[in-house]
Amino acid sequence: MTSEKFIEFWNVWSENWYTLTFFDGQIERKIGSICTIKMGAAEQIHKTYEAIKCIVKDSYFKETQKKLSRYKRASVLTYAIIKSEPLNYNYNMKKKYDIYYLKQRLAFFMAIGSILQDYKEEDIASIEQPIFYFKELGITELYEGDDDFLMSVYKDLFFSEIYHNFNVLSMANLYGLLVERASKLPLFTPIDNEKSIATQ
């Protein structure tokens, strides 16, 4: 993946993420009101991505020329964002960590975006929104203190960073299952190499 291609992808999808809102259990919050993306974050993440990708290829494939699947690529991107510390927070983190899991939200969102980039625009445009239905995953009735599916993913990313046990293959499998079982995406759409962020 060239730096230019990655930055082009990053600029579109990070801006989309930055305008999102989420419910924190009490009120609706706009992401752009509680954090900013650091200058140079895209370049740092791309550098980290390339380093992790080399380790993954060497560890799992023993072939440096082998391309990563879209799901492994999304997983490596997730870890690269987590490792790169791309955000500045506009509030005091009293517990010494981000109570809103913003970095984890960003990593997951960008990974899903990298998967969507592989589909032809007309295929995506023809799909009724939303493409993914995360709220239908997991337990059907939440009890006090229970997390929904996405919050469980964010917390898993949070703890995998603390304990240094992020597993690229496990996360890739999760992304594959989400596309197959929790999205309206066609499963076998050819990759449009002109628009995909992946060149390796």
Side-chain angles (χ1 to χ4, degrees), residues 1-3 5-10 12-14 16-17 41-87 98 101-119 124 131-134 137-138 147-183 185-193 195-200:
M1 181 192 319
T2 65
S3 177
K5 199 75 171 172
F6 179 80
I7 290 171
E8 180 183 335
F9 160 78
W10 173 265
V12 171
W13 284 89
S14 64
N16 290 343
W17 176 79
E43 292 82 358
Q44 178 60 45
I45 291 167
H46 179 259
K47 181 179 176 183
T48 305
Y49 171 89
E50 290 295 326
I52 295 170
K53 182 180 75 174
C54 289
I55 293 169
V56 168
K57 286 185 175 186
D58 184 59
S59 299
Y60 297 130
F61 306 127
K62 307 300 181 189
E63 300 175 43
T64 57
Q65 298 305 313
K66 186 174 178 69
K67 292 184 179 181
L68 297 180
S69 72
R70 65 180 63 153
Y71 307 126
K72 289 183 181 72
R73 185 187 69 223
S75 181
V76 171
L77 177 60
T78 301
Y79 193 41
I81 291 171
I82 295 296
K83 295 281 287 180
S84 296
E85 298 293 345
L87 301 177
D98 170 21
Y101 302 97
L102 294 175
K103 182 172 63 170
Q104 291 76 19
R105 290 174 191 271
L106 173 62
F108 184 82
F109 183 86
M110 297 299 289
I112 293 295
S114 76
I115 294 169
L116 292 176
Q117 288 290 301
D118 279 352
Y119 289 83
I124 297 295
I131 294 173
F132 288 89
Y133 34 94
F134 300 120
L137 299 174
D147 295 323
D148 62 14
F149 174 79
L150 283 179
M151 184 55 70
S152 294
V153 172
Y154 303 147
K155 286 185 176 180
D156 182 63
L157 293 175
F158 173 77
F159 286 110
S160 71
E161 180 182 10
I162 289 176
Y163 295 113
H164 308 287
N165 63 356
F166 183 90
N167 189 297
V168 168
L169 296 184
S170 295
M171 197 68 190
N173 288 337
L174 173 67
Y175 287 129
L177 285 170
L178 289 177
V179 168
E180 182 179 341
R181 301 290 183 183
S183 84
L185 293 168
L187 293 181
F188 302 108
T189 302
I191 294 175
D192 183 346
N193 287 323
K195 294 192 166 105
S196 174
I197 66 165
T199 58
Q200 286 191 39

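Hydrogens, waters and symmetry mates play no part in the numbers below; they use all other heavy atoms, side chains included. Residue indices begin at 1 and follow the sequence shown.
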*asked:* Show the nearest heavy-atom pair for residues A172 and Y71, with the distance to one decimal.
replied: O-CB, 3.4 Å
*Could you check F108 against I81 for side chain to side chain contact (heavy atoms under 4.5 Å, CB included), going step by step and ending with a plain yes or no?*
CA-CA 9 Å; F108 184 82; I81 291 171; over 6 Å; no
_Approximate separation, where rounding is to 0.5 Å, of N173 CG and E180 CD_ = 11.0 Å
*Relative to the ring of F159, is the ring of Y163 parallel (under 30°), tilted (30 to 60°) or perpendicular (over 60°)?*
parallel
*Rounded to the nearest 0.5 Å, how far does CG of L77 lie from CD1 of I115?*
9.5 Å
*Mind checking whether Y119 and P186 have side chains closer than 4.5 Å, heavy atoms only?*
yes
*Sub-3.5 Å donor-acceptor pair from the side chain of D147 to the main-chain atoms of M151, do we have one?*
no
_Whether the side chain of S75 engages the backbone of K72 through a donor-acceptor N/O pair (distance < 3.5 Å, no angle test) should be reported._
no
*Mind checking what makes side chain to side chain contact (heavy atoms under 4.5 Å, CB included) contact with A111, not counting sequence neighbours?*
A74, T78, Y175
*Kindly write out the residues that satisfy side chain to side chain contact (heavy atoms under 4.5 Å, CB included) with F149, not counting sequence neighbours, or none if the list is empty.*
F134, L137, V153, L174, L178
_Less than 4.5 Å apart, side chain to side chain, heavy atoms only: is that true for I7 and S3?_
yes
*Taking atom CE of M171 and atom CD1 of I82, what is their separation to the nearest 0.5 Å?*
8.5 Å
*List for me each residue that meets side chain to side chain donor-acceptor pair (under 3.5 Å) alongside S69, sequence neighbours excluded, and say none if there are none.*
none
*Derivation and outcome, side chain to side chain contact (heavy atoms under 4.5 Å, CB included), residues Q117 and W13*: CA-CA 10 Å; Q117 288 290 301; W13 284 89; 2.7 Å; yes
*Tell me the salt bridge (Lys or Arg N to Asp or Glu O under 4.0 Å) pairs involving residues 157-179, sequence neighbours left out?*
K103-E161
*Nearest atoms (heavy-atom pairs only) where F9 meets G113*: CE1-C, 3.7 Å
_S170: side chain to side chain contact (heavy atoms under 4.5 Å, CB included) partners, not counting sequence neighbours_ = N167
*asked:* Restricting to ring-ring contact (aromatic ring centres under 6.0 Å, His included), what partner residues turn up for Y154, sequence neighbours left out?
replied: none
_So K57 and K53, do their side chains get closer than 4.5 Å, heavy atoms only?_
yes
_Qualifying residues under ring-ring contact (aromatic ring centres under 6.0 Å, His included), relative to Y60, sequence neighbours excluded_ = none
*Could you check whether the rings of F158 and Y101 sit parallel, tilted or perpendicular, using 30° and 60° as the cut-offs?*
perpendicular
_Sub-4.5 Å side-chain heavy-atom contact between L68 and F61_ = yes
*Closest heavy-atom contact between V168 and V56?*
CG2-CG2, 3.9 Å
*Measure from the side-chain N and O atoms of R70 to the backbone N and O of D118, and report whether any donor-acceptor pair falls under 3.5 Å.*
no
*Taking only residues two or more places apart in sequence or in another chain, which ones pass side chain to side chain contact (heavy atoms under 4.5 Å, CB included) with S84?*
Q44, I45, T48
*Y79 side chain near K83 side chain, heavy-atom distance below 4.5 Å*: yes
*Measure the shortest side-chain to side-chain distance between L185 and I124 over non-hydrogen atoms and say whether it is less than 4.5 angstrom.*
yes
*What distance do Y49 atom OH and S114 atom OG have between them, rounded to the nearest 0.5 Å?*
7.5 Å
*Nearest 0.5 Å please: distance from the CE atom of M110 over to the CG atom of N16.*
9.0 Å
*asked:* To the closest 0.5 Å, what do you measure between CZ (F166) and CG (D156)?
replied: 8.5 Å
